[in-house]
Number of protein chains: 2
Amino acid sequence: MPKLGMEPIRRAALVKATIDEIGASGTLDITVSKIAKRAGMSSALAHHYFGGKDQIFLAAMRHTLTVYGAEVRGALIMADNPESRLEAIIRAGFTISNFRREVVAAWLNFYVLAQSSPQARRLLTVYQSRLRSNLIYNLRPLIADRAAGAAERIAGLIDGLYLRRGLDQSDDAGHDATKHVLALLRAELRGQS
Amino acid sequence: MPKLGMEPIRRAALVKATIDEIGASGTLDITVSKIAKRAGMSSALAHHYFGGKDQIFLAAMRHTLTVYGAEVRGALIMADNPESRLEAIIRAGFTISNFRREVVAAWLNFYVLAQSSPQARRLLTVYQSRLRSNLIYNLRPLIADRAAGAAERIAGLIDGLYLRRGLDQSDDAGHDATKHVLALLRAELRGQS
DNA sequence: TTTTTTCTTGATTGACGAGTCAATAAAGAA
DNA sequence: TTCTTTATTGACTCGTCAATCAAGAAAAAA
């Protein structure tokens, strides 16, 4: 049975299973066995490829952030001016793939993990910094000095709507969320300090 | 040793210890023994008064929400028009006592708990509903039809800034946070749909 | 004083879970 | 073919923790 080159396949399966398991339980309080079973292998194998539970979580986190980053970059390709770039950044956060329940649950739990794991915190900080600088970079030509504050508010609202998403059980919440952040963006572009 | 009427004292001590322990660890993954030790008693006693870990968490949650609610109500006493009432509601969320690190950590973890515990979810939903209706009630006389959307954004930004608070290690983050939400409030009051 | 109620804990139970390991099996290398 | 590397698992170890319980001590009631 041992086909060679299983490692990347197993790792990917475990990462996906981890996110699904977090989504299903809403907690990081899940067992390696459960994750492994969901990924169709024994828990020993999960340990073999990742070394430990922490590493599995970090890998799942990295994956989530990577997918998010890719989606943002993809959206930016089509945008050729600051305003549409801002809109693209915002929309990317609420696409169906990023705003799925499991993914949101995973995000929330990664924030929790970041409270106790320096590595997790570092990853989240990178995400936050990138989002902030993306926003500021595109806001500056439009509202110069107010860019920094506006970026903080937009980023904050995005995170807040994610947080609230977990409690709504409606399924098209992404639409409203996008609308809200775009409304804030317009207000920021229009307003005076 | 057995002084009578210990129950309320023990319960209060356990609730406080729970919040502190969550704050110290950043997780709900804490033991009853640790909580009990922090509160100066044996774990058996904690079980005696609360029945189980879940109940302890729920009590801590109720306490946090109660304190928050009281602070909002207190702030509203001094406010006699919609605009100042809105400001009071916002300010109450970022007072030193509500925005302390342990308290924010507890909030975050309560959001997580709400993903898996119906009771926790119910409590959080009550909080959200109250905040929303408070905001809408006072926004309506000022911006009528846009009140609902504006309330959603303000509430979302408050939650988002809480979420982000956990990652900053700065200590006077409350000041900036208040400023941001007030800026949003002014933008909402000023803007047109 | 005896009895009951309230308070308290140390010790124990029972379950569960992370991580290890020895063993098996297949594929490729020598 | 023999040896090595990669893949894989069941069984086991070791620790931890929630929950229970029996028992003791002090106040209050009888």
Side-chain angles (χ1 to χ4, degrees), chain A residues 1-61 109-110 112-113 116-120, chain B residues 1-61 109-110 112-113 116-120:
Chain A
M1 287 177 176
K3 317 275 168 61
L4 292 212
M6 281 287 99
E7 176 153 359
I9 296 165
R10 294 303 199 186
R11 291 180 87 100
L14 282 168
V15 163
K16 181 180 185 319
T18 302
I19 293 170
D20 289 349
E21 191 68 28
I22 294 174
S25 75
T27 309
L28 291 184
D29 198 5
I30 56 183
T31 69
V32 175
S33 299
K34 279 254 181 97
I35 296 173
K37 171 179 266 187
R38 191 183 279 263
M41 71 193 81
S42 74
S43 72
L45 197 54
H47 278 100
H48 174 65
Y49 281 125
F50 276 101
K53 207 186 188 182
D54 305 350
Q55 326 266 311
I56 300 181
F57 283 153
L58 288 192
M61 205 170 155
N109 278 285
F110 293 156
V112 169
L113 185 59
S116 61
S117 157
Q119 307 189 55
Chain B
M1 287 174 179
K3 316 274 169 64
L4 292 212
M6 281 288 98
E7 176 152 358
I9 296 166
R10 293 303 197 185
R11 291 180 87 101
L14 283 168
V15 162
K16 182 180 184 319
T18 302
I19 292 170
D20 289 349
E21 192 67 29
I22 294 173
S25 75
T27 309
L28 289 185
D29 199 3
I30 56 183
T31 69
V32 175
S33 299
K34 279 255 180 95
I35 295 171
K37 171 179 264 185
R38 191 183 278 264
M41 70 193 83
S42 75
S43 72
L45 197 53
H47 278 99
H48 174 65
Y49 281 125
F50 276 100
K53 206 186 188 182
D54 304 350
Q55 325 265 311
I56 299 181
F57 282 153
L58 288 185
M61 205 170 156
N109 278 284
F110 292 156
V112 170
L113 185 59
S116 61
S117 156
Q119 307 189 54

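Using a 4.0 Å heavy-atom cutoff across all strands shown, B/I30 reaches sugar-phosphate atoms only and no base atom.
Dashed line: the shortest gap from a side-chain N or O of B/R10 to OP1 or OP2 of C/dT8 is under 4.0 Å.
In this structure, the CE atom of B/M6 is 19 Å from the P atom of D/dA25, given to the nearest Å. Across the protein-nucleic acid pair, B/R11 atom CZ and C/dT6 atom P stand 15 Å apart, rounded to whole Å. When rounded to the nearest whole Å, the span between NZ of A/K53 and P of D/dT16 equals 15 Å. What separates CZ of B/F50 from P of C/dT8 is a distance of 14 Å, to the nearest Å. Between the P atom of C/dG28 and the CG atom of A/L4 lies a distance of 6 Å, rounded to the nearest Å. One can place CE of A/M41 at 16 Å from C1' of D/dG10, the figure rounded to the nearest angstrom. Regarding B/H47, its NE2 atom lies at a distance of 15 Å from the C1' atom of C/dG10, rounded to whole Å. A/H48 has its NE2 atom 16 Å from the P atom of D/dG10, to the nearest Å.
Comparing C/dT9, C/dC7, D/dT9 by their closest approach to the side chain of B/Y49 singles out C/dC7. Of all nucleotides listed (C/dC7, D/dT9, C/dA18), C/dA18 comes nearest to the side chain of A/T31.
Position along DNA chain C of the nearest nucleotide to B/L45 versus A/G52 favours B/L45 as the more 5'-ward residue.
For the side chain to side chain donor-acceptor pair (under 3.5 Å) condition, the pairs that include at least one residue of residues 34-47 of chain B, sequence neighbours left out, are B/E21-B/R38.
A distance-only check finds no donor-acceptor pair linking the side chain of A/R10 to the backbone of A/A46 [under 3.5 Å].
Other residues, nucleotides and ligands contribute at most 12 non-hydrogen atoms within 6.0 Å of the NZ atom of A/K16.
Under the side chain to side chain contact (heavy atoms under 4.5 Å, CB included) rule, A/F50 has a single partner from A/I35, A/V15, A/L58, which is A/V15.
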